[in-house]
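Read the structure below first, then the notes.
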Amino acid sequence: MKNFTVVSLLSLSILGCANTAPSSSESQLQTSLSSDSLCCVSEADFPWVVLDKVDSFKFEINESAPVWGFESGKSYFSAFEFSQQSGSVRVTLKSNMVDKSVFAPSIALLDEQYLVVKTFTEDDFKVRFSDALSKSRYEKTFEVDSVKTPYMVIYTDSNSINDEVIVPHPAKVRAIEAGEPMPIVTDLKYTNTYSGELELEIETLSLSGYKQKKQQVRQKEAIPAPTKSVVKPLQSTQDYYHSSIQQAVEANDIPKALSLLEEAKALNVEDAQKVFVEAVNAR
């Protein structure tokens, strides 16, 4: 019975969401975003951050981040490219609830042509409560075939901005877990915003050299093959080999004639083969 009470109480706390009027700072950020021009001509021009096979770091998305027009509206974003050595990758994204606000995360996975293959919205994230090591947060863990979708973009859905997320007060959570009397405390409220603190964890589950090989092929194709410069011999050199080949054939010294012919070819002497054939036919 206690477990049912805990789940019910926490579920009610999380589902207690409402759309509230934006704060003055959020209104300013929204106004700034509306007036900001898009960062790039296309997705291919995004400032891609290349990830390691195993990676873990914190970062912020705020007004200093690039801007793009997504299907859900304009948003600040961060763009990542998985390691060329990675195959299957486990990704964990956390968006921390700090100072009564939180970045409402969405994720887009793109293929090699920068076309969106899969998306995760705020509804795909779970709300995790704070503990001794972590803050309350949105959190999502998923696996990616980085060969098929080598690019990942993190942004926010403008339709979720100013929605309110209600999280149980830590003291209430502790009391429920310990079976103690419920303290008189107020649940914490956080508002979805365009900016916030995030944490990204990357773990490569399998390796793949496919992307590396493809990159090498692209680089090789991009480098033009060296052109051979043909050095034309002097007229005196050409005359020498022509007459020497004729004389060798007339003297029935075919091995010498063939040797001279090979030398003439190596020196790019024109018509050496023709002279040899005509001399043989003349005999």
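This one's a predicted model, so the numbers in the text were calculated from it and none came from an experiment.
What you find for V167 and V127 is that their closest heavy atoms are CG2-CG1, 4.2 Å. For E112 against Y151, the heavy-atom pair with the smallest separation is CA-CE1, 4.1 Å. Annotation for T156 and S72: closest pair O-OG, 3.9 Å, computed over non-hydrogen atoms. Taking both residues in full, the closest heavy atoms of S195 and N62 are given as CB-CA, 3.7 Å, listed atom of the first, atom of the second, then distance. Considering all non-hydrogen atoms of both residues, Q246 and A279 come closest at CA-CB, 4.2 Å. Summarising the geometry of W68 relative to C40, their closest heavy-atom pair is CZ3-O, 3.0 Å, with the distance given to 0.1 Å.
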### Task
For ring pair (Phe, Tyr, Trp, His ring centres under 6.0 Å), just list the numbers for F276 and Y241, CA-CA rounded to whole Å, side-chain angles, deciding distance to a tenth of an Å, and then say yes or no.
CA-CA 10 Å; F276 173 78; Y241 277 98; over 10 Å; no
### Test log, rule side chain to side chain contact (heavy atoms under 4.5 Å, CB included), inputs Q273 and L261
CA-CA 7 Å; Q273 180 74 30; L261 176 60; 3.4 Å; yes
### Message
Show, in sequence, the C-alpha distance, side-chain angles and deciding distance for K100 and K189, and conclude whether the side chain to side chain contact (heavy atoms under 4.5 Å, CB included) test is met.
### Response
CA-CA 6 Å; K100 299 183 180 180; K189 297 179 181 180; over 6 Å; no
### Message
Walk me through whether E197 and K94 qualify under salt bridge (Lys or Arg N to Asp or Glu O under 4.0 Å).
### Response
CA-CA 9 Å; E197 175 188 283; K94 302 175 185 178; over 6 Å; no
### Task
For the pair M152 and V91, evaluate side chain to side chain contact (heavy atoms under 4.5 Å, CB included) and give the outcome as yes or no after the intermediate values.
CA-CA 10 Å; M152 177 176 66; V91 179; 4.1 Å; yes
### Message
Walk me through whether L51 and L200 qualify under side chain to side chain contact (heavy atoms under 4.5 Å, CB included).
### Response
CA-CA 10 Å; L51 298 166; L200 184 62; 4.2 Å; yes
#### Entry: Candidate pair F46 and F77, rule ring pair (Phe, Tyr, Trp, His ring centres under 6.0 Å), full reasoning
CA-CA 10 Å; F46 283 3; F77 72 93; 4.5 Å; yes
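In this structure, E270 CD and Q235 CD are separated by 9.0 Å, a value rounded to the nearest 0.5 Å. How far OG of S86 is from CG of L207: 7.0 Å, rounded to the nearest 0.5 Å. Residue D253 holds its CG atom at 12.5 Å from CD1 of I245, rounded to the nearest 0.5 Å. Atoms OG and CD1, on S78 and I107 in that order, are 11.5 Å from each other to the nearest 0.5 Å. If you take CD1 on I161 and CD on E122, they are separated by 9.0 Å, rounding to the nearest 0.5 Å. Put simply, NZ on K148 and CG on L110 are 16.0 Å apart, with the number rounded to the nearest 0.5 Å.
Residues forming a salt bridge (charged side-chain N to carboxylate O under 4.0 Å, His left out) with R128 (at least two apart in sequence, or on another chain): none.
A donor-acceptor contact shorter than 3.5 Å links the side chain of K74 to the backbone of L33. Distance alone, capped at 3.5 Å, places no donor-acceptor pair between the S208 side chain and the Q85 backbone. At distances below 3.5 Å, not a single donor-acceptor pair connects side-chain atoms of N96 with backbone N or O atoms of V98. Under a 3.5 Å cut-off, the side chain of N192 and the backbone N or O of S160 do form a donor-acceptor pair. A donor-acceptor pair is defined here as one N or O able to donate and one able to accept, closer than 3.5 Å; no such pair exists between the side chain of S134 and the backbone of S130. Distance alone, capped at 3.5 Å, is enough to place a donor-acceptor pair between the T149 side chain and the D145 backbone. In this structure a side-chain-to-backbone donor-acceptor pair under 3.5 Å is missing from H242 to V269. Listed for the S101 side chain is no donor-acceptor partner under 3.5 Å among the backbone atoms of Y190.
A donor-acceptor pair shorter than 3.5 Å cannot be found between the side chains of Q113 and D111. S88 and S206 share no donor-acceptor pair across their side chains, judged by distance under 3.5 Å alone. Counted by atom type alone, Y155 and Y76 present zero donor-acceptor pairs between their side chains at under 3.5 Å.
No single ILVMFWY cluster, assembled from side-chain heavy atoms under 4.5 Å apart, contains both I154 and L115. Connection of I61 to L38 is established within a shared hydrophobic cluster, with ILVMFWY side chains joined at heavy-atom distances below 4.5 Å, either directly or through further cluster members. Hydrophobic cluster membership is shared by F103 and V49, with clusters built from Ile, Leu, Val, Met, Phe, Trp and Tyr side chains linked at under 4.5 angstrom.
In this structure, Y138 and F125 have perpendicular ring planes: the angle between them is above 60°, well past the 30° mark.
Residue E71 qualifies as open at atom CD: its count of foreign heavy atoms under 6.0 Å is 12 or below. Heavy atoms of other residues, nucleotides or ligands lying less than 6.0 angstrom from CG of D99 number 12 at most. Open room surrounds NZ on K53; 12 or fewer heavy atoms of other groups in view lie less than 6.0 Å from it.
Ring-centre distance between F57 and F59: below the 6.0 Å cut-off. Centroid-to-centroid, the aromatic rings of F120 and F142 come within less than 6.0 Å.
Annotation: side chain of S158 is not in contact with side chain of S75 (no heavy-atom distance under 4.5 Å). Using a 4.5 Å heavy-atom threshold, the side chains of L109 and V144 count as touching. Annotation: side chain of E201 is in contact with side chain of S56 (closest heavy-atom distance under 4.5 Å). Contact of the L93 side chain with the L198 side chain is registered, since non-hydrogen atoms from C-beta on lie closer than 4.5 Å.
A salt bridge links R90 with E143: the distance from a Lys NZ or Arg NE/NH1/NH2 to an Asp or Glu carboxylate oxygen falls below 4.0 Å.
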